[in-house]
Amino acid sequence: MSNEEKKSKVVMAVVAVLAAAGLCAWVVQMVQGMQVTALTDTYIWGLSVAVFYAMMAAASGLMALCGFSEFKGSVMSDGERKVAMCFAAPAIAAAGILIILDLGNPLAMINLITSLNFTSFTVLDFWAVLLAVIVGVVYLVMLARGKNNKIIGGVAIAVAVSVIVIEGIMMANNTSHSLWASGMSVASFLVAAYTGGTALLAAIAPRHKNLFVSGLIAMAAIVGAEALTGLISGTDLSRGIMMAVVAGPFAPYFWIHVVVGLALPLFLAIKGRNLPVAALCAVVGVACQKLWFVLAGEAEVGLAFHHIGPSPEMYSTLMYFPSLVEILITVGALSLAVLAFMVVKGIVVKRSSN
């Protein structure tokens with residue numbers, strides 16, 4: 001057994017243990033209730049939803065790029081496309097599992113499945129994610145069999161973009177949350193998908209690092225516009241919310257996004273160094289961006305703001321730190337995606353070599 005195979009087995013063992021720990025944490029959540037998490041009447045969405053958005057953004061963006069490469073072969077070679085879809089398909093599936101875990105009880109999914117209320121963006125998002133999983137798996141199987149073509153490429157692009165747009169509109173449709181109810185939400189989701197997708201593309205095919213750089217710059221522009229618009233807004237509430245983001249209870253997530261998720265990967269990508277590390281940082285940054293975006297929007301409605309926005313005394317009530325159970329559930333889902341990637345990649349590569 002080579003050293004590479006030994007390392008692979010060790011990694012698989014570690015992520016399998018983490019996935020099992022996540023499953024155990026989910027059982028604890030179901031038995032003891034949502035009180036074992038940091039979620040409250042104010043924060044009904046937290047870490048797991050933010051990571052779900054980041055996983056869907058990066059995986060959908062990568063799947064769309066795979067589809068695009070069917071029309072422009074220079075984007076990815078056949079081998080690179082297979083590796084990319086070996087990641088994208090399991091990541092989308094794991095993201096779907098993560099959102100099921102976030103519901104607290106899998107029986108809650110029955111309402112989404114049976115309601116068929118397609119005027120609800122929550123229902124639309126469920127079916128869009130399910131369709132993305134199906135298309136991702138079908139595309140991966142076709143690639144493994146050497147039967148990829150422009151038709152599946154076009155379908156992959158359409159489905160990947162649709163799920164991101166629906167998620168953006170779902171957030172913007174929450175008109176009681178002024179931070180979310182904006183066309184910027186859709187733009188932010190699309191840019192996050194482009195950034196996450198190009199980050200993973202650069203990790204797989206380093207020659208595309210300039211696309212990754214453009215994604216980081218676009219994300220920086222979106223975040224800068226959101227922050228600046230909020231800070232100079234004519235309403236006290238909007239200014240107060242953004243102050244809570246840049247210098248208040250949500251600042252840790254905001255600045256991790258700016259420093260770790262934007263500045264560091266931008267430096268590494270421009271220098272052409274450690275692109276896999278840069279890609280990981282960028283995806284972590286997307287998760288942090290979604291986290292402060294979700295939390296700040298929820299706090300706006302869940303708490304009584306003064307006419308000048310939240311006072312410093314109120315910041316302690318605005319704090320959110322994920323509990324150990326939440327962290328384990330989220331890490332478990334991520335580990336499941338990594339484990340599935342390694343298993344699927346081994347099968348696809350072996351089949352391709354035969």
Side-chain angles (χ1 to χ4, degrees), residues 50-69 72 74-77 79-92 94-95 98 132 136 156-157 160-161 163-164 167-168 187-224 253-293 330 333-334 337-338 340-342 345:
V51 173
F52 160 76
Y53 280 140
M55 289 177 70
M56 284 302 301
S60 296
L62 187 60
M63 187 165 79
L65 288 168
C66 286
F68 181 68
S69 71
K72 190 173 178 61
S74 60
V75 174
M76 294 187 202
S77 65
E80 291 167 344
R81 195 180 299 116
K82 289 176 182 177
V83 172
M85 282 308 302
C86 281
F87 176 84
I92 293 173
L98 185 59
I157 294 171
V161 172
V163 71
I164 297 301
E167 287 174 357
S188 176
F189 272 73
L190 286 171
V191 170
Y194 177 76
T195 304
T198 54
L200 297 175
L201 175 62
I204 296 168
R207 65 184 181 279
H208 292 307
K209 69 173 186 176
N210 289 339
L211 290 177
F212 180 25
V213 169
S214 69
L216 291 169
I217 293 173
M219 176 63 82
I222 286 286
V223 171
Y253 309 119
F254 177 82
W255 290 109
I256 290 174
H257 176 214
V258 171
V259 176
V260 177
L262 290 174
L264 179 58
L266 186 60
F267 171 78
L268 293 175
I270 290 175
K271 293 292 185 179
R273 302 174 183 171
N274 298 316
L275 288 177
V277 174
L280 177 61
C281 288
V283 175
V284 169
V286 171
C288 287
Q289 187 267 337
K290 296 307 176 190
L291 186 55
W292 67 253
F293 180 73
T330 305
L334 290 170
V338 174
F341 163 72
M342 296 181 72
K345 182 185 175 185

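For the single chain, residues carry numbers from 1 onward in sequence order. Computed over heavy atoms, backbone and side chain alike; hydrogens, waters and symmetry mates excluded. None of these values were measured; they are calculated from a predicted model.
At least one donor-acceptor pair closer than 3.5 Å links the side chain of Thr198 to the backbone N or O of Thr195. In this structure, the side chain of His208 engages the main chain of Val75 through a donor-acceptor pair within 3.5 Å.
In terms of the side chain to side chain contact (heavy atoms under 4.5 Å, CB included) criterion, Val259 has no residue partners (sequence neighbours excluded).
Under 4.0 Å is where a charged nitrogen must lie from a carboxylate oxygen, and between Glu167 and Lys290 no such pair does.
How far OG of Ser60 is from CD1 of Ile157: 12.5 Å, rounded to the nearest 0.5 Å. Residue Ser77 holds its OG atom at 9.5 Å from NZ of Lys82, rounded to the nearest 0.5 Å. Of the inter-residue distances, the one linking Ile217 atom CD1 with Ile270 atom CD1 reads 6.5 Å to the nearest 0.5 angstrom. Interatomic distance, Cys66 SG to Glu80 CD, rounded to the nearest 0.5 Å: 10.0 Å. Ile164 CD1 to Met63 CE: the interatomic distance, rounded to the nearest 0.5 Å, is 9.5 Å. Note: Tyr53 OH to Leu98 CG = 11.5 Å, rounded to the nearest 0.5 Å.
Under the 6.0 Å cut-off for aromatic ring centres, Tyr253 and Phe293 do not qualify, their centroids lying 6.0 Å or more apart.
Shown are Ile204, Val83, Leu62; of these, the side-chain contact (heavy atoms from CB on, under 4.5 Å) with Met76 is made only by Leu62.
Listed here is the closest heavy atom pair of Gln289 and Ser188: NE2-OG, 3.3 Å. Nearest heavy-atom pair, Ala282 versus Ala199, reported as atom, atom and distance to 0.1 Å: CB-CB, 4.1 Å. Here the closest non-hydrogen pair linking Leu275 and Ala269 is CD2-CA, 3.8 Å. The nearest pair of heavy atoms linking Ile92 to Ala132 is CG2-CB, 4.0 Å. Between Met55 and Ala337, the shortest heavy-atom contact is CE-CB, 4.1 Å. When every heavy atom of Ala57 is checked against every heavy atom of Val286, the shortest pair comes out as CB-CG1, 4.5 Å.
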### Task
Show the numbers, then the answer: is there a side-chain contact (heavy atoms from CB on, under 4.5 Å) between Tyr194 and Leu211?
CA-CA 9 Å; Tyr194 177 76; Leu211 290 177; 3.6 Å; yes

### Task
Output, in order, the C-alpha distance, side-chain angles, deciding distance and verdict of side-chain contact (heavy atoms from CB on, under 4.5 Å) for Trp292 and Ile256.
CA-CA 10 Å; Trp292 67 253; Ile256 290 174; over 6 Å; no

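Using a 4.5 Å cut-off on side-chain heavy atoms (C-beta onward), Phe212 and Leu201 make no contact.
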